[in-house]
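By convention here, the first residue in the shown sequence is residue 1.
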Amino acid sequence: MAADGRLVFAAYGNVFSAFARNKEVVHTFKGHKAEIHLLQPFGDHIISVDTDSILIIWHIYSEEEYLQLTFDKSVFKISAILHPSTYLNKILLGSEQGSLQLWNVKSNKLLYTFLGWKIGVTALQQAPAVDVVAVGLMSGQVIIHNIKFNETLMKFRQDWGPITSISFRTDGHPIMAAGSPCGHIGLWDLEDKKLINQMRNAHSTAIAGLTFLHREPLLVTNGADNALRIWIFDGPTGEGRLLRFRMGHSAPLTKIRYYGQNGQQILSASQDGTLQSFSTIHEKFNKSLGHGLINKKRVKRKGLQNALSVRLPPITKFAAEEARESDWDSIIACHQGKLSCSTWNYQRSTIGAYFLKPKELKTDDITATAVDITSCGNFAVIGLSSGTVDVYNMQSGIHRGSFGEDQAHKGSVRGVAVDGLNQLTITTGSEGLLKFWNFKNKILIHSMSLDSSPNTMLLHRDSGILGLALDDFSISVLDIETRKIVREFSGHHGQINDLAFSPDGRWLISASMDCTVRTWDLPSGCLIDSFLLDSAPLNVTMSPTGDFLATSHVDHLGIYLWSNVSLYSVVSLRPLPTDYVPSVVMLPGTCQTQDVELSEETIEPSDEMIEYDSPEQLNEHLVTLSLLPESRWKNLLNLDVIKKKNKPKEPPKVPKSAPFFIPTIPGLVPRYAAPEQNNDPHQSKVVNLGILAQKSDFCLKLEEGLVNNKYEAALNLLKELGPSGIETELRSLSPDCGGSIEVMQSFLKMIGMMLDRKRDFELAQAYLALFLKLHLKLLPSEPVLLEELTKLSSQVEENWIHLQSLFNQSMCILNYIKSALL
């Protein structure tokens, strides 16, 4: 990796890329046939060297080759590269054979060969002085050499192995720092030519790089332990102290679980023996709970020199509960090959005060294999390889009993779980038995045998659903209330490493050694999602808020987050076919191009979905309501009361000036009022009765309906009106208001059509009720209208009897469900 003022360059295999803003790939350079191991920015160019000692100079922006140099590996195998300060167009190359060469890359000429010290060169660094270069050797020597006169100025030697990197302070102190493969850093005074300080165990593994910031007393170091540290030199002795750090795990993960209910922290245990908490919000909230120590007091008394010998083995399983985290330890963990389980305090970020193990057992032949913490945070349940299951108090560390007379299982305990109310304890053993115990009195309630030996077990406390992964690569789901298997899933072709429930208990997610992550829908009992990875997932855990799925993988140091697409887009949850072949998905990264590819893949399932357009009526025999709001029809019979209540106390006053808002015509669809044009100042104020005598569009449509027996147009007009408009239209149907008997007959036929089709059922009832209220005195005197009303009466009665029988049937079923004892 290398960087200049604009871009960051990173090599992977025989290709390297240039990144802008640390995540956007702007250039990719391809041309090497071997793995690239050296990069050197060179103005508008970048120099790359591969393991075959082929050096290529690239133009950054055009991505074209400017020059290629080939060296014989047996004579000069390039191991270091440097652009000496003020040396225009020149580079200095170091070799594993010990010699150095100075090249002019513009004229493609070898200017000078330094014979060296017959020891391989591992590092080259420009000193603050011009023409002076520091050369790190395989023997641990650091040579300060003047390349202008080919003269060695001084030599230093470290006994920690080859020099991995070199840096000089530029803030006025003549100090040089040199890294080593064992994680130590040596600080050398260039004036007194002596070692002034040693930073031992700055990293737990080799120092990969170190750099003093320009004109600052700050040293930035990184190592193979996946840590980046900043040291500040502000003390009188010149010793550096740790100022800031960012670190992850230095070995593959063994267990990950979300901590708390906000879904912002993930606890992770690793083979490096540490327990860490990673934030899904920002890196500044990350924290390390450190290594577990067998005897912390003795380590403090004797010093940290012997800390490596008293560290606990890696954590294999852990359980956490935040209910009482402010009062006492909230995490319980079992270690590889250890009988005792350690407690950890999340708030203080340290190992806890207790090591929980049975007093009668003294040997480590028996190990802890399963742990769980109750939802109240008061008790820890620990299962052992001997089949014993013990309960301990988390506050005092006191043993509170064991399940079973001698042991709970004949084989090793594979899983323990306690329900949300501390009533039931569920344990499972390698002999293939699943047992239910009373948590309080430790009595066996029920035992059932499984089809195969269980591998792992997980309980969803809110729903009482228990997931079991078996050794025959199948998954069984049990209801702990009925103690029966409710679902069985099969399809994995490798050992199932972990299980996770969604927060609502609807999905069960499984991770297997066949490199697949599958999502099972519990209500339907079907596989609804599956994707294939290039690395087998070891752990899987879902956020309590349901927005992220976190996974860890074989030989990977990081935790990978997957977003739940169903939260922000429409996703098909149809069952996958039995012959479904999952597609290979790349692990999540910070690269922008990867995000685009993933988003395209997530869109594909929605394309497969069939867009369903709901018809206006599902079936012609079903009574269907309209989609109009209740305000359009519910108060039609009470309009006179509403108008009386809303009657203004005084007439509206004319505004003194022009209105701020443009006047509109009242109605359901607002329209702007056209300005009145009064051209004739002597216009007559006599009302033109011809205007009032005109028929409305509704009446005209009803008259057309008598001829062609089609009433959809008239009904649509009525649907667009408000309650007052509907009353006006129905009132104008009578002969006294400009209507006719034929129009009233047509209206009744329209209501009959609505009842026959069983559509807009509530509108037909409301319109008919208002019609009868308005014209009740006129109807008995007209035989034509009486005949239509007789037909309508039989239709309404028939529809209502049918609906009433359905309502009564539904009420009976509901009353039975409420009163029956299931």
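- Side chain of Thr541 to backbone of Ala550: no donor-acceptor contact under 3.5 angstrom is found.
- Residue Asp555 places its CG atom among 12 or fewer non-hydrogen atoms of other residues, nucleotides or ligands, all under 6.0 Å distant.
- Annotation: salt bridge (charged side-chain N to carboxylate O under 4.0 Å, His left out) contacts of Arg200 (sequence neighbours excluded): none.
- You'll find the side chain of Leu587 reaches within 4.5 Å of the side chain of His556, heavy atoms only.
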Mind listing the side-chain donor-acceptor pairs of residues 175-183 below 3.5 Å, one per line with the distance, residues two or more places apart or on another chain?
| residue | atom | partner | partner atom | Å |
| --- | --- | --- | --- | --- |
| Ser180 | OG | His184 | N | 3.2 |
| Ser180 | OG | His184 | O | 2.7 |

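- Every residue two or more places apart in sequence or in another chain that forms a salt bridge (charged side-chain N to carboxylate O under 4.0 Å, His left out) with Asp52 is listed here: Lys73.
- Looking only at side-chain heavy atoms (C-beta outward), Ile47 and Ile57 come within less than 4.5 Å of each other.
- Within a 6.0 Å radius of CE in Met247, more than 12 heavy atoms belonging to other residues, nucleotides or ligands are found.
- Residues Phe42 and Val105 form a side-chain contact, since some pair of their non-hydrogen atoms from C-beta on lies under 4.5 Å apart.
- The side-chain heavy atoms of Ser530 and Val517, taken from C-beta on, include no pair separated by under 4.5 Å.
- Remark: side-chain polar atoms of Ser277 are not paired, donor with acceptor, to backbone N or O of Lys287 under 3.5 angstrom.
- Contacts of Phe76 classified as ring pair (Phe, Tyr, Trp, His ring centres under 6.0 Å), with partners at least two apart in sequence or in another chain: Phe71.
- Residue Lys193 places its NZ atom among 12 or fewer non-hydrogen atoms of other residues, nucleotides or ligands, all under 6.0 Å distant.
- Ring geometry, Trp188 versus Phe156: the interplanar angle falls from 30° to 60°, so the pair is classed tilted.
- Residues satisfying the salt bridge (charged side-chain N to carboxylate O under 4.0 Å, His left out) test with Asp131, not counting sequence neighbours, are none.
- For His291, there are no ring pair (Phe, Tyr, Trp, His ring centres under 6.0 Å) partners at least two apart in sequence or on another chain.
- For Asp159, the salt bridge (charged side-chain N to carboxylate O under 4.0 Å, His left out) test picks out Arg157, with sequence neighbours left out.
- Summarising the geometry of Ser279 relative to Asn286, their closest heavy-atom pair is N-OD1, 2.7 Å, with the distance given to 0.1 Å.
- With sequence neighbours excluded, no residue satisfies ring pair (Phe, Tyr, Trp, His ring centres under 6.0 Å) with Tyr580.
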Could you tabulate the donor-acceptor pairs under 3.5 Å formed by side-chain atoms of residues 210-223, not counting sequence neighbours?
| residue | atom | partner | partner atom | Å |
| --- | --- | --- | --- | --- |
| Thr221 | OG1 | His203 | NE2 | 2.8 |
| Thr221 | OG1 | Trp231 | NE1 | 3.0 |
| Asn222 | OD1 | Gly209 | N | 3.2 |

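- A perpendicular orientation is assigned to the rings of His59 and His45, their planes being inclined by more than 60° (bins at 30° and 60°).
- Heavy-atom minimum distance, Ser543 versus Asp547: OG-OD1, 3.0 Å.
- Among residue pairs with one or both ends in residues 84-112, none qualify as salt bridge (Lys or Arg N to Asp or Glu O under 4.0 Å); sequence neighbours excluded.
- Taking the six-membered ring for Trp and thresholds of 30 and 60 degrees, Trp562 and Phe531 have ring planes inclined between 30 and 60 degrees apart.
- Here salt bridge (Lys or Arg N to Asp or Glu O under 4.0 Å) pairs that include residues 133-143, with residues two or more places apart or in two chains, number zero.
- No more than 12 heavy atoms of other residues, nucleotides or ligands shown are found within 6.0 angstrom of CE on Met1.
- With hydrogens and angles disregarded, a donor-acceptor distance shorter than 3.5 Å links the side chain of Gln97 to the backbone of Lys77.
- Applying the salt bridge (Lys or Arg N to Asp or Glu O under 4.0 Å) test to every pair with at least one member in residues 272-284, sequence neighbours left out, gives these pairs: Arg246-Glu283.
- Using cut-offs of 30° and 60° on the angle between ring planes, the pair Phe29 and Phe16 is parallel.
- A donor-acceptor contact under 3.5 angstrom links the side chains of His145 and Asn150, judged on distance only.
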